[in-house]
Amino acid sequence: MSDTNLAQLTIVEASKKLQAGEITSLELTRACLAEIKKDKPDGKEDRFNAFLEVFDDAEEQAKAADALRQAQGKLAHPLLGIPLAIKDNILIEGKKASAASKMLENYVATYDATAIAKLKQAGAVFIGRTNMYEFAMGGSTENSAFGPTKNPHDTTRVSGGTSGGSAAAVAAGMALGALGSDTGGSVRNPASFCGVVGFKPTYGAVSRFGLIAAVSSFDQIGPLTKTVEDAELIFDCIRGKDILDSTSIDTDSQTKTSGKRIGVFAGSVTGGGSPDVEKVFRDSLENLKNRGYELVDISIPSIKSALAAYYITNFAEVSSNLSRFDGVRYGLSLKGDSLLNDYSKSRGEGFGAESRRRIMLGAYVLSAGYYDAYYGKATLAREQLRHEFEKAFESVDVIATPTMPTPAWKIGEKHSPLDSYLADIFTVTANLTGNPAISVPMGTVDTLPVGIQFTAAHGNEAALFEVGKTVVSKEK
Ligand code: GLN
């Protein structure tokens, strides 16, 4: 097979070929590296700026995987020798992890994230670390300290965010799969924009140990892949209780029910979004109906408070989590003429505009005078929303919405942060409630991919995988 063809394989396909001895991990890894090097512009790792660093030991890792296969034979894990790209906020021992920020530009991880340790155990190959929106805030990977990641389907457009580099890498065949992190949609949003699958597990199903924290009560590591089967494979490898993360949960005892009832909100769902996305979404639902699914009207009244509750909680936790980057302990350290100036210089120059904005707003909503009016109310809204979702899942197995209200926008098009926040309308609810959710390509709008999102009850990822495999992406 040619390099390009090898790089286009799904993980499941590549795994079978590796197991049958038809290809080696070294060939597969070289095929991905060849895609990365294609038309490489000066000073960048690749033409889409998907990678911040391509690991120089990728071929060594692949050779080690091939040797291990000789020894393990049929016992080899399906991910043995599979080249994966890793978002720049997930720690790999001995590699840089900068969260795409000047603040951590030269930080080298001293330990593996649990998800990475599990993938290493399986024998996966880490091909490089991918670009992202600084500290996982935003919806487009435009404000990385190292430049925007471009959408492989149209390089004048954003790749989505914040795991934009991971999504672009998978879409362009630069890696067979990737890890991203999802705080309010950051795996699903870029998956939708780049035409790949993005999966956010139930809160706690994957350990957050070794993930640079953005919003600890929302963050989840999740896979980006070409197919639902591939996402399931990675999830199976990285899930489970971890003594290093007290919020992680035992995923073995979870109820695995699947059913054929899809909850849909009545009326137009995209609101101020794209009518074309709405049309592809309706066609997709019709298609699922023809395949035996039942569409059930649902209503979740508190959804109108979701964006406000999400952003208030996000700002609050971000401001608290980023307080550790003070220019003293680690990260960027700049000298001022007093200790206070050391702090303000390091934080002022180390953080980009969006991080600084959220730190300030977070300090405000948590301040003694405003806590009850903002953070306290957001917490109540979140509880109410969780309750309403639980109730809805008594009568449906999954809830469907488009993943994003529009296809990928033009780089630089959204000037106000609020415009970007509003685009998160469908994705943030699963983080507020902790439910698992998946984005699967459902078709295109003027050649740009768009995804359908399914959300399920806590622990019922099985239902998501089942319905996700049934979606047929329609080219229009
Ligand atoms: N766009 C959302 C935000 O800006 C989601 C970010 C994420 O999931 N990391 O917060």
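Reckoned from all heavy atoms, side chains included, excluding hydrogens, waters and symmetry mates. Remember, it's 1-based here, ligands and their atoms both numbered in the order they're listed.
Pocket lining of ligand 1, defined as residues with a non-hydrogen atom under 4.0 Å away: Ala136, Met137, Gly138, Gly139, Thr162, Asp182, Thr183, Gly184, Gly185, Ser186, Tyr310, Tyr311, Asn314, Arg358, Asp424.
For the pair Thr183 and Asn314, the minimum side-chain heavy-atom distance is below 4.5 Å.
For Lys95, the salt bridge (Lys or Arg N to Asp or Glu O under 4.0 Å) partners at least two apart in sequence or on another chain are Asp57.
Residues Phe315 and Tyr374 keep their aromatic ring centres 6.0 Å or farther apart.
Checked options Val197, Ile438, Val228, Ile452; the residue passing with Val471 is Ile452 (criterion: side-chain contact (heavy atoms from CB on, under 4.5 Å)).
Residue pairs meeting the salt bridge (Lys or Arg N to Asp or Glu O under 4.0 Å) criterion with at least one partner in residues 160-184, sequence neighbours excluded, are Asp182-Arg188. Listed by first then second residue, pairs satisfying salt bridge (Lys or Arg N to Asp or Glu O under 4.0 Å) with a partner in residues 107-116 read Asp112-Lys120, not counting sequence neighbours.
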